Amino acid sequence: MDIITHSDIERILIDSDTIHRRVRELAARIDHDYANVQRLLLVGILKGAFIFLADLCRELTIPHVVDFMAVSSYGMTAASGAVRIILDLREPIEGEHVLLVEDIVDTGHTLRYLQQVLASRHPASLRTCVLSTKQRPEAIDLPVDYLGFTIPDVWVVGYGLDYADRHRTLPYIGALKKEVYQ
Ligand code: PRP
């Protein structure tokens, strides 16, 4: 049972026990689906996915390796949909089984870009694992193979998610008070 430890947080949306249960369920499905694969390459998207990825990969029993990318929106918001790579993978992924790991889908612009970029590099397979997706009817509809939670369209922080780089290390996913970001 989590307690709110910061005055910026309005309420806890998903507590840490629920998150960890769901992460174990996702890992079990991934283990099952990739049971016959020589190795799986997990691609975590910084910064937001680092906590989710760290927990997810430690639950996996299949052979796997981890690498990271970081992307940035042009301008201050993702609203334009323009995304650029600021940190790329160390190795080519041709012939690799790749699982893209993201913390959140909001507008969908980031994930669409990443799926297109990775697919263009000819992996043996490409799937996507997302911790949370917002309930936004106008969001781009994208294939997500492993989804943790659908959450309300409010500003969320914790478990990797931030507001101006703050609150990423809260153990739960919480809704930020409106007066903090409005
Ligand atoms: C967040 C999140 C996703 C993206 C989702 O990253 O980690 O990558 O936004 O938004 P979208 O669906 O509207 O494209 P952010 O740019 O905040 O960077 P961070 O992960 O470093 O916090």
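Note that the structure is predicted; figures quoted are calculated from it, not measured. Basis for what follows: all heavy atoms, side chains included, without hydrogens, waters or symmetry-related copies. Order of listing sets the numbers, starting from 1, for every ligand and every atom in it.
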(message) For R39, is there an ion pair with E96 - N to carboxylate O distance below 4.0 angstrom?
(response) yes
(request) Could you tell me whether G48 and ligand 1 have an N or O pair separated by under 3.5 Å? (result) yes
(request) Among D17, I9, V156, find the one that has a side-chain contact (heavy atoms from CB on, under 4.5 Å) with Y172. (result) I9
(message) To the closest 0.5 Å, what do you measure between OH (Y163) and CG (D8)?
(response) 8.5 Å
(request) Go through ligand 1 atom by atom and flag the ones less than 4.0 Å from a non-hydrogen atom of I104. (result) 2 (C), 3 (C), 5 (C)
(message) Check this for me - ligand 1, V105, N or O atoms closer than 3.5 angstrom, yes or no?
(response) no
(message) Nearest 0.5 angstrom please: H20 NE2 to E25 CD, how far?
(response) 13.5 Å
(request) List every atom of ligand 1 that sits less than 4.0 Å from any heavy atom of T107, numbering the atoms from 1 in the order shown and giving each element. (result) 11 (P), 12 (O), 13 (O), 14 (O)
(message) I'd like to check which ligand 1 atoms, numbered from 1 as shown, lie under 4.0 Å from a non-hydrogen atom of E102.
(response) 3 (C), 7 (O), 8 (O)
(message) Can you tell me how far apart CG (D162) and CZ (R168) are? Round to the nearest 0.5 Å.
(response) 3.5 Å
(request) Drop me the distance from T18's OG1 to D2's CG, to the nearest 0.5 angstrom. (result) 8.5 Å
(request) For R168 and ligand 1, answer yes if some heavy atom of the residue is under 4.0 Å from a ligand atom, otherwise no. (result) yes
(message) Under 4.0 Å from a heavy atom of D162: which atoms of ligand 1 are those, numbered in the order shown and with their elements?
(response) 22 (O)
